[in-house]
Protein chains: 2
Amino acid sequence: MSESIESIQVWCAGEDWCPVTSTATLICRKWHPVIVHRLLNAGPMGFTELKDEVDGVSSKVLSDSLEDLQSKNLVDRSIISEKPFRVEYSLTSQGAELEPVIRAMEDWGQNNLRAPADANSGRF
Amino acid sequence: MSESIESIQVWCAGEDWCPVTSTATLICRKWHPVIVHRLLNAGPMGFTELKDEVDGVSSKVLSDSLEDLQSKNLVDRSIISEKPFRVEYSLTSQGAELEPVIRAMEDWGQNNLRAPADANSGRF
DNA sequence: CGGCATCCACATGGATACTG
DNA sequence: CAGTATCCATGTGGATGCCG
């Protein structure tokens, strides 16, 4: 994994191409959906802000994940030249279009995993 | 990963629980979304049928993935006692509820990855 | 602040061969 | 048909420490 977006696009030209597999290849990595979710909800953010939002992730892993997301054109990184300089991560237009996927994941998790603690749900 | 559904539910009782992270933990594995997709589209299937549907997966990995999906209560496995016996994989009710997630992934892939080959799309 | 360097552990995937 | 048994490669994550 961590293929470049180009190699994925080449693959997409092939015969047995599947949109589900392709999308999974891009976002099926432990922290990717949460990172996108936080950027959707709270807008552009700096590294440390993002690290605080994404509970449990380490600097190294967040850094790796962001690099992967950039290579896949889902996240943009821009350097704000102030003193001291800041870095800002945001979703690309393609990344922002992942919203339906992320929201569906959010809904499913709420309905199917939080249920055991709730009294009003029939599930579990 | 490959935690049992029980340990995930325990985790869901915690403070910093996040539905997106939780859902990601369950289905973010290379072949999981495709497997669910095929079971949604074509209904219950035997092992070999499924292997044919999921292009590129090996027996071992499909077997591992199905075992993981069963442990998470997303897929059911039933043995049909005929001669010769058959095995049938199907989605549990929870698994079936993943449909919005999978469809969203399918849509995104179609709109954002197939685009380079299409002339009528503005993207890329 | 926004990382990178290092090292390590382990989960996961892939290839091949074999079985009841 | 429906897998299991090996073995191996690598992706990915996690911990710690350091840097400009």
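So you know, we letter chains A, B, ... as the sequences are listed, proteins then strands, and number each from 1.
Of the listed nucleotides (C/dG2, D/dG13, D/dG3), C/dG2 has the atom at the smallest distance from the side chain of A/R77.
Looking at A/K60, its side chain comes within 3.5 Å of the base of D/dG13 through a donor and an acceptor atom. Contact of B/K30 with C/dG13 (side chain to base): no donor-acceptor pair of N or O atoms is detected under 3.5 Å.
For the pair B/F47 CZ and D/dG3 P, the computed distance is 6 Å after rounding to whole Å. The distance between atom CD1 of B/I27 and atom P of C/dT12, rounded to the nearest whole Å, is 14 Å. The interatomic distance linking B/L26 (CG) with C/dT12 (C1') rounds to 17 Å, in whole Å. Look at CD on B/E88: it is 12 Å from P on D/dG3, rounded to the nearest Å. As rounded to whole Å, 13 Å separates atom C1' of D/dG3 from atom CG of B/L50. A straight line from CG of B/D68 to C1' of C/dG13 spans 13 Å, rounded to a whole angstrom. B/L66 places its CG atom 10 Å from the P atom of D/dT4, with the value rounded to the nearest Å. As a whole-Å value, the separation of A/I80 CD1 from C/dC1 C1' is 14 Å.
Within the 4.5 Å cutoff, side-chain heavy atoms of A/L26 are placed close to those of B/L113. In this structure, the side chains of A/R77 and A/L66 stay at 4.5 Å or more apart for every pair of heavy atoms.
The two residues A/K72 and A/T25 make their nearest non-hydrogen contact at NZ-O, 3.7 Å.
Considering only side-chain N and O atoms, B/R86 lies nowhere under 4.0 angstrom from the phosphate OP1 or OP2 of D/dG3. The phosphate of D/dA2 (OP1 or OP2) has a side-chain N or O of B/T48 nearer than 4.0 angstrom. Considering only side-chain N and O atoms, B/S63 lies nowhere under 4.0 angstrom from the phosphate OP1 or OP2 of D/dG3. Residue B/Y89 places none of its side-chain N or O atoms closer than 4.0 Å to OP1 or OP2 of D/dC1. The phosphate of D/dT12 has neither OP1 nor OP2 within less than 4.0 Å of any side-chain N or O from B/R29.
Along DNA chain C, the nucleotide closest to B/V57 and the one closest to B/F85 are compared, and the more 5′ of them pairs with B/V57.
Salt-bridge formation is detected for the pair A/D64/A/K60: a Lys NZ or Arg NE/NH1/NH2 atom is positioned less than 4.0 Å from an Asp or Glu carboxylate oxygen.
Side chain to side chain, B/E6 and B/S4 meet the donor-acceptor criterion of an N or O pair below 3.5 Å.
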